[in-house]
Amino acid sequence: MALLQISEPGKSTNPHEHRLAAGIDLGTTNSLVATVRSGSPAVLVDEEGESLLPSVVRYRADAQPQVGRLAVAAAVEDPHNTIASAKRMIGRTTSELKTLHEVLPYRFDNELAKIPRILTADGPRSAIEVSAEILSELKKRAESSLGGELTGVVITVPAYFDDAQRQATKDAARLAGLTVMRLLNEPTAAAVAYGLDQGSEGKYAIYDLGGGTFDISILHLHEGVFEVLSTAGDSALGGDDMDRLIAEWILERCPCELSGNDSEATFLRQLMLVARETKEALTTQESAEVEIDMPGGEKWHTQLDKTTLDSIIDPIIDKSLLPCRRVLRDAGITQDDLDGVVLVGGSTRVPRVRERVETFFRCEAYADVDPDSVVAIGAAIQADILAGNRPADDMLLLDVIPLSLGLEIMGGMVEKIIPRNSTIPVGKAQEFTTYKDGQTAMSIHVVQGERELVTDCRSLARFELRGIPPMAAGSGRVQVSFKVDADGLLSVSAREMTTGVQADVTIKPSYGLTDAEVEQMLRDSIDYAEEDMHARMLAEQRVDADRTIEALVSALEADGEAFLDEEERDRLTAAIDSLRTLREGHDADAIKQSVEALNALSEPFAARRMNAGIHSALAGHNINEFGE
Ligand code: ADP
Ligand code: MG
């Protein structure tokens, strides 16, 4: 296929003016910002000299949100208001998040049908807003270290991100006040960081194992341009899974009983942190000390050595090799056709990962650029080109679309218009005919996915073409055109060929925020309208109510029979039921009073359990709620 050079809008008219541009790696676990200064790319650090910004935001009732390490530090004590992994949720609808809901420790507001929001002490927040906080922090960092306002940024996204997720990422940037010049696929950015687009010829695999996601791509470089041949991955595989397996390994050995209450969540979170620290220590050491604060307060120690770690994490590496086989097959090549493999993501620092990836691909890994920064560096180089700071003959990159785009046809079937792995930008058109005699309108349903049935694909948009002149079935000819721009965003138009009537839609995915909604969010965050205050109070009271109910229900299950007589139990159960009913309403004060009443009523129960010295009593968190 002939590859075209893309001419970019927004190139500097004055070649001597240097525009401040930055590349941002908005990661699931960590985010970074980089820029090109005096011709060489570098990651920007914060006041403490740290380059990685943990992608974690903590919302507080009457203060600015905390972003990064401060938020991470608070995660154990304030899990419900401390939001990590927003990238997993961005661009997803409530129903798509159903399965995630069960594993994430947040409380979701499901009333707003389309954009799921997490209830925090500062009101409901969507993944877009959480990401916007992270982006704002990076913007601040960049502008203070560059000493001026950013003209534009390149933000990287996983190659498998669909239209909705890409659009949502752009929305987050807009909320943060950033101008996005381009969304760039992460593997492509990594290849750019290694300069593989500068004269190298050949095929490369980009293996990206981060905190919670795995991404593998095959890139083909030829004649100075390069093309993404295929992409695959696993959106639920990464260093976090290693941490989980290590935590399980520790749990099997440490003499602790799990009690199933809130303090257990705190204990498990600690366990995960210790597991991660141990894993990271073993990247440079042969053996590491594990120290755990037990639920009872005492400390417990053990050792973990590298060989044992390797055997613990091997299943995760095995799992990553399945998509690796798939991309080779999709690209129609074998390992022997590869010229190299590029390692990306913090988890590729684990020596066992590198070793097994090299064995699998039968070639040496590129690992000179810090695997944490490589994506941000590549994005910075692209940003520099797009801002017009480079000579015009520098080539731009070509990516592929990760999922096929198509239309619903009769019988709930999908007709693919643009197949997956097509190089973007791309445009294709196809003709359809009317189905019924005298049909004057045609309903166009745009879907994304590989499956045959519409119900198995993701719905992107629906629109109607009206004003078709009445004709016999089959004689109205409607041409539907699909166009995907360089960011991977789709627009669709339909045109009746005999009359020329036309309808267009730029795909705002079904969850998508309208400009007005984004503006609204911006305004809301600036001036606290009265309803906002009320909504926030209501959300807070609901969170409080849920927490109280949950703790009491589990306490009743565990010890209700032992410490309460039937009448006492009935009274508590009735009080819980009435709080549950109030919680569904909109009266924040009533919920608050009911929570207080329930706390007072359950006080003797809490006291009896405490006195009995039961290990699983209303410890930690719950003492505050029931003992006050
Ligand atoms: P993401 O792309 O998901 O934001 P990163 O590329 O920043 O993630 O990778 C984060 C992961 O890398 C975490 O699981 C972290 O534990 C792991 N990691 C970071 N440094 C090391 C290290 N020295 N050894 C092993 N794992 C590491
Ligand atoms: Mg990453």
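For ligands, and for the atoms within them, numbers begin at 1 and follow the listed sequence. Basis for what follows: all heavy atoms, side chains included, without hydrogens, waters or symmetry-related copies.
Against a heavy-atom cut-off of under 4.0 Å, Gly239 is close to the following atoms of ligand 1: 14 (O). In the vicinity of Gly27, heavy-atom distances shorter than 4.0 Å reach the ligand 1 atoms 4 (O). Atoms of ligand 1 found under 4.0 Å from any heavy atom of Val350, numbered from 1 in the order shown, are 25 (C), 26 (N). For ligand 1, the atoms closer than 4.0 angstrom to any heavy atom of Gly345 are 6 (O). Atom numbering of ligand 1 starts at 1 in the shown order; those under 4.0 Å from a heavy atom of Thr29 are 1 (P), 3 (O), 4 (O), 8 (O).
In the displayed structure, Gln303 atom CD is contacted under 6.0 Å by more than 12 heavy atoms of other residues, nucleotides or ligands.
Within the set Glu277, Met242, Glu186, Lys279, the minimum heavy-atom distance to atom 14 (O) of ligand 1 is found for Lys279. The closest heavy-atom contact to atom 13 (C) of ligand 1, among the options Gly238, Gly211, Ala281, comes from Gly211.
Ligand 1 has a nitrogen or oxygen under 3.5 angstrom from a nitrogen or oxygen of Gly346. Between Thr28 and ligand 1, at least one N/O pair is under 3.5 Å apart.
Of the N and O atoms on the side chains of Tyr59 and Thr82, not one donor lies less than 3.5 Å from an acceptor on the other residue. Looking only at atom types and distance, the side chain of Thr28 has no donor-acceptor partner in the side chain of Ser85 under 3.5 Å away. Judged purely by distance below 3.5 Å, without hydrogens or angles, the side chains of Ser136 and Glu133 never pair a donor atom with an acceptor atom. Counting only N and O atoms by type, the side chains of Thr308 and Asp305 include a donor and acceptor under 3.5 Å apart. Side-chain atoms of Asn185 and Thr188 include no donor-acceptor pair closer than 3.5 Å.
Counting heavy atoms under 4.0 Å from ligand 1, residue Arg276 touches it through the side chain alone. At a 4.0 Å heavy-atom cut-off, ligand 1 touches Thr283 through the side chain alone.
Ranking protein heavy atoms by distance to atom 22 (C) of ligand 1, first place goes to Arg349 CD, 3.4 Å. For atom 7 (O) of ligand 1, the nearest non-hydrogen atom of the protein is Asn30 ND2, 2.9 Å.
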Pair up each side-chain donor or acceptor in residues 243-252 with any protein partner under 3.5 Å, not counting sequence neighbours, and list the distances.
from	atom 1	to	atom 2	distance (Å)
Asp243	OD1	Lys279	NZ	2.9
Asp243	OD2	Arg276	NE	3.3
Arg244	NH1	Asp241	OD1	2.9

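Of the charged side-chain nitrogens involved, none lies within less than 4.0 Å of a carboxylate oxygen, so that Glu137 and Arg69 do not count as a salt-bridged pair.
Ring centroid separation for the pair Tyr207 and Phe214 comes in under the 6.0 Å cut-off.
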